[in-house]
Amino acid sequence: MRRILMLLVLAAVIGAGIGLWLTRASGLSGDAFAGLTGDATRGKAVFTAAGCASCHYAPKAEGEAKLVLAGGQRFASDFGTFIAPNISSDATHGIGGWSLQDFGNAVMRGVSPEGKHYYPAFPYGSYAKMERQDVADLWAFVQTLPASDTPSQPHEIGFPFSIRRSVGGWKLLFFNEDWIMDAATPELERGRYLVEALAHCGECHTPRNALGGFESGQWLAGAPNPSGQGTIPALTPNALTWDAAEIAYYLESGFTPEFDSAGGHMVAVIENFAKLPAEDRAAVAAYVKALPEPGVAEVSGY
Amino acid sequence: MKRAIAAAVILSTLGGSFALAQGKVPFPVKARQGQMATMAMSLGVLGGMAQGKTEYDAAAAQAAANNLAGIAMIDPAIMWQDGTAEGTASLPAIWDDADGFAAEWAKFVAGAEKAAAEAGNGKDALGPILGALGGSCKSCHTAYRAN
C-alpha cells in the first residue's frame, strides 16, 4: 500500500515536472536577430500593416495621438477583459528599456523579458510568421515613437485563466508557425503574409473553440464578436461574394459594394489598409478570393 | 364549404401575421432605414464613377450629390425618436449621448455639402468627397450602430 502511494506521489511529481517544462515560456534562440539591422522607415510600413497602434493607442485617441502607444483600450472576451498595455518608448512604463531580442520574443513568441507568457489577445500567434527583418525594422520604428508614463493596467481575467502558466498549455495546443494556405503566385504570397501574419485577420474572423484555439477547418469562416455584440463576418466564398476589386476598395474606403460602410474595430483596420500601397490591398483581395469553403481539409492543419 | 373555411382561415392567418410583421416596425425605423438606403444608392453613383466602374457624368454626379445634401437636411431627431432602438442596429448611445450623435450627423452634413458643391467639378473631385462622407459613415457607425 505504502509502495503504491509512493509511486503515485512520484508519478504526480514527474507529471507536474513535465507539465511545468511543457508550459514554460521559451523565446526565440539567442541569435535570432544576428546580423540584422532595423530600418525605422521600413518599420513604419510594418507598423501600419500590423495594426499595432489600433489596439495600443489610448482610448479615443485621434490624429497624432494615435502614435502614443499608452495602452488602456479594453478587449472583452470569453475569458475576461484584456487591457492593452503601454508599449510606448517610456523606459519605465513602456518598452523603452527593451532589446531587439526582448521585442522579438514578445512579438513572435508571446514571451515577456521576465520570461512570462503573454495572453494571446496579443496576436503573437499570427506575428510568429513575420519575417525577422520586419520585426527588426518594426522595433527600430517603435523606438522613435513618443513616450507615455501611463501605467499599464492589469487584465481582468477570471480563474483559471488568471494563471499565466495556463497560456503555456494554450501555446502547446495551438501555437503553430506554419502557413495555413498555399500561395502559388507572388501576389498570393504577399496577401498571405498580410492576412495570416501582419494584419492578423484570422484572430477575429476565425471562430475559436472553448479553449481559445482556432476551430479546425473554419479559417476566416466568421465568428461571434468577442465583445458579445453582433458577429464578425465570414470571408469564405460561401458568404463573401464581393469580387477582388470590391474587396480592395472596401479596404481602402470602408464602403461595401452596396455602399454601406464599415463600423467598429474594422474601421481601424481599414484606416491602416488605406495607408498601404494599392498592391497590398489587391494582394489581400486575391488571397481572400482564393479561400476555400469552410470545412476543407487542406486548411485545417492549424 | 370546408375548403372555403380552410382557405379563409389560412388567408386570415397569413393576413394577420403579415399585418403583425408590418406593425412590428415602427414608422421612424422604416423611415430611417429607407433614408440610409437612399444614402447608399447616392453614394454608389459617386463611388462607381470614382472607381471607374461607370463613366464620369457631371450631371449624374451632381444629382447624386444633391440627393445626399437633401437627406442631410432631414432632422435626425425625427428619424431617431426615443424608444425606437429595439430590434434595430441603433445603439442606445444615440439617445444617451445626443450631443455626440449630433456631432456625427454634422460631419455627414458637412460631407454632403462638400459633395453638392464639388461633385460636378470632374472625376478627381470624387475621391476627397467620398473620403469625407465615408469618414462620417465609419465614425458614426462605430459609435452608434451595432456592427
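On a predicted model such as this, the values are computed, not experimentally measured, just so you know. Chain identifiers are assigned alphabetically (A, B, ...) following the order of the sequence lines, protein sequences preceding nucleic acid strands; residue numbering begins at 1 within each chain.
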Contacting moiety of A/T256, where chain B heavy atoms sit under 4.5 Å:
neither
Region of A/I270 that comes under 4.5 Å of a non-hydrogen atom in chain B
side chain
Interatomic spacing from [atom1] in [X] to [atom2] in [Y] - rounded to 0.5 Å:
{"X": "B/C137", "Y": "A/F259", "atom1": "SG", "atom2": "CZ", "value": "10.0 Å"}
{"X": "B/M36", "Y": "A/S261", "atom1": "CE", "atom2": "OG", "value": "9.0 Å"}
{"X": "A/F255", "Y": "B/L130", "atom1": "CZ", "atom2": "CG", "value": "5.5 Å"}
{"X": "B/M39", "Y": "A/D260", "atom1": "CE", "atom2": "CG", "value": "10.5 Å"}
{"X": "B/T142", "Y": "A/H265", "atom1": "OG1", "atom2": "NE2", "value": "10.5 Å"}
{"X": "B/Q51", "Y": "A/S253", "atom1": "CD", "atom2": "OG", "value": "7.0 Å"}

Atom group of B/L91 that falls short of 4.5 Å from chain A, counting heavy atoms:
side chain
So which atom in A/A262 and which in B/H141 form the shortest heavy-atom distance, rounded to 0.1 Å?
O-CB, 3.9 Å
Closest heavy-atom pair, A/G254 versus B/K138, reported as atoms and distance to 0.1 Å, is CA-CD, 4.2 Å
Within 6.0 Å of CG in B/D96, more than 12 heavy atoms from elsewhere
yes
